[in-house]
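What you see is a predicted model; the values in this text were computed from it and never measured. Proteins get letters first, then strands, A, B, ... in listed order; numbering begins at 1 in each.
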Amino acid sequence: MDLASLNDPQRHAVTHRSGPLLILAGAGSGKTRVLTMRIANLIHHGVEAERILALTFTNKAAREMRTRLKALLGRAPDGLWVGTFHAIATRMLRPHADRLGYRAGFTIFDEDDSRSIMKRALADLDLDPKKHQVAGLLAAISRAKAESRSPEDITGKKASDRALRMIYERYQALSRESNGMDFDDLLLNLVQLLKNDAEVLAEWRGRFDHVLVDEYQDTNRVQYELLRLLCDGHRNLAVVGDDDQSIYAFRGADVRNILDFGRDYTDATVVKLEQNYRSTQAILDVAHHVISRNQERTDKRLWTARGEGRRPVLLLSPDDEAEAAFVGDEILALEQSEGWIHSDFAILYRTNAQSRAFEKALMARRISYNLVGGLRFWDRREIKDVVAYLRFLANPSDAVSFDRIANVPKRRISERTAQAAIAAAADGGVSILEACAAPAQVQVRADAQEALASFAAQVGSLVADVGKRRPHELIQLVLRRCNLSEHYDDGSPAGRNRLDNLVELRELAQSYERYSPAQGLERFLTDIALTAGADDVDGKREQVTLITLHMAKGLEYPVVFLTGLEDKMLPHERAFEEAGGLDEERRLCYVGITRAQRRLYLTSASVRTIFAKTVALASSQFLHDIPPALLDMVELEGHRSHGIASRLRRGSVEATA
DNA sequence: TTTCTGGGCCTACAT
DNA sequence: GGCCCAGAAA
């Protein structure tokens, strides 16, 4: 291993032997390299691979770590535990599901599933399921779980707190009844198991000698507790992160975890990685002026040996359409004059809705693009249907999946009948499949009972195949037995497309089996459930990337357009209401800027179409923090200055009234 | 039971 | 500007 290729702080982080270690890794400072070399170094010094645990937030990061380790070690790092928090937690939980009141083969619910459970919980409690309520309640429960709080920990006396507690309880009861856990449950249940079960705690605490965590600034309370539970024996915890890139507070991430690491572990070694290997100095200077306005941050400043580079461009345009047109034209111009290609460019924005204008502009110019984070493959209706079949086969108590497939294809099973079957199963203490097979107990008309029985006959016959067949064969069986191909193919191009997707699903299962041959249906379903949108972002050939700021974290592009720099867009309107909201938006802006390698464009519009209505916007307050001398300004005709342009022309950044 | 349509309402970011 | 839902119609 080539330790000489590292700079001093990097080498320090890699060779640190034992005890708590905090690596403050600025954007583009080579943290993945440090992390993987650190693991390789441990192995070199005799630590067994299977006694090392590395935790990430995305499968992509885990995969990359594995690949790089393989290159470093000259062989696959067999036995090493690398994975996302959720995947590792699932792996630790599965063998002990019974101790938590779940059965092996429990389903992992996605957000859609959670919504449908919430609706059922509200119906049970005779509450009005107004849509915003559902989303709000789910967010509140998710937040509670991220903070490691059970229903009984919601102790507020306000009516809203009492309601939340009741709904949270009901939601959990229904999930358990379906033998399923949502994303938050995976972590919370594991932590509670470790806290309450000395035997299991001893098992896992003795399992690893070294634990490493990537993106530590994104950890929440439960993840923090999990790390303490696992590491309090040996204290060999190495975390890598950047407080300046903490942008997931909305899902419970707590920057305090990284800011207070030194307080939690008073003997911690702290290493700062400040040399940047990605961007030009001109870009880093802009980034610095934006982020340094935040009060609560560790003190660091990125520098590069790459040279000054071109001054970033600030575009002031009249509206979102002109903004997008400028970006499209600029891409063509740069390709023409400087030889860049499509895949060198990324267009970054705060909200997914902003992608539309860019899609139009790029399409008009025949520039092909890759829209990241649109409708995922796994979110397509036909895919979710077939996956629901598989889930129901693996877990015939799964009410969410049953509800989804009961009448797909049409079996004359109404929503009311389906709910009655679910209720009968719960009352009788049997699985839903069993309830359908013996429908006399289900409180519906005779013809509906018959429909349930024939559903049970059709689906039940497949259950026997679960242990014997591989996932792709099961998919094929489901498609054939239930005539799903006919059901989806209505002769339209859209129908054709759905069939293609189903074929793709089967092929995907096949290649999965080739990749991990020993794994059965259960593991296949787990991996599907824990696959995130960010996992399949890759530089698609010859396409411009359209991506949100959140999804762009960790990525880099030669030319970056950071768009929608207006107050209420970035920073987002909602951020003004929450404590710390503006700091978080500023970090988001910082993340965007630091994605750029060679060229950076900051763009804003004075008028934007939101919800089909035209709204006037002031330029982003973040722009006011950048000294004008650092930027080249382009002001399009029709731009109505709300302050920034004239200030820039005067060369003053003081006035922010 | 299934399909169609109009109106309400939102939408931040996402493992 | 699109999604979801309620209510009507077949």
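- Comparing B:dT11 with C:dA6, their P atoms are spaced 16 Å from each other, to the whole Å.
- Qualifying ring-ring contact (aromatic ring centres under 6.0 Å, His included) partners for A:Phe402, counting only residues two or more places apart in sequence or in other chains: A:Phe392, A:Phe455.
- Electrostatic pairing of A:Glu147 and A:Arg149 counts as a salt bridge here, judged by a charged N lying under 4.0 Å from a carboxylate O.
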Find every protein N or O atom lying less than 3.5 Å from an N or O atom of nucleotides 2-6 of chain B, and list the pairs.
from  : atom 1 : to       : atom 2 : distance (Å)
B:dT2 : OP2    : A:Asn407 : ND2    : 3.0

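- Here A:Lys553 does not reach the OP1 or OP2 of B:dA14: none of its side-chain N or O atoms lies under 4.0 Å away.
- The salt bridge (Lys or Arg N to Asp or Glu O under 4.0 Å) check on A:Arg416 picks up nothing, with sequence neighbours excluded.
- Across the P atoms, B:dC13 and C:dC4 are found 15 Å apart, a figure rounded to whole Å.
- For A:Ala575, the side chain to side chain contact (heavy atoms under 4.5 Å, CB included) partners two or more places apart in sequence, or in a different chain, are A:Glu585.
- Shown here are the side-chain hydrogen bond (donor to acceptor under 3.5 Å, both in side chains) partners of A:Tyr590, two or more places apart in sequence or in another chain: there are none.
- The residue A:Glu415 sits apart from the nucleic acid: no heavy atom pair falls under 4.0 Å.
- At the heavy-atom level, A:Phe183 lies under 4.0 Å from base atoms of the strands shown.
- Here A:Thr84 lies out of heavy-atom contact (under 4.0 Å) with every strand.
- Nucleic acid contact for A:Glu111: base, since at least one base atom lies under 4.0 Å from a heavy atom of the residue.
- Distance alone, capped at 3.5 Å, places no donor-acceptor pair between the A:Ser246 side chain and the A:Asp243 backbone.
- Under the 3.5 Å distance criterion, the side-chain polar atoms of A:Arg221 are left unmatched by any main-chain donor or acceptor of A:Ser148.
- Within the 4.0 Å cut-off from OP1 or OP2 of C:dG1, not a single side-chain nitrogen or oxygen of A:Thr609 is found.
- DNA chain B lies under 4.0 Å from no heavy atom of any residue of residues 448-457 of chain A.
- Taking only side-chain nitrogens and oxygens, A:Asn352 never comes nearer than 4.0 Å to OP1 or OP2 of B:dT11.
- For A:Arg350 against B:dA12, a side-chain N or O and a base N or O form a donor-acceptor pair under 3.5 Å.
- Judged by distance alone, the side chain of A:His550 and the main-chain N or O of A:Ile247 form a donor-acceptor pair under 3.5 Å.
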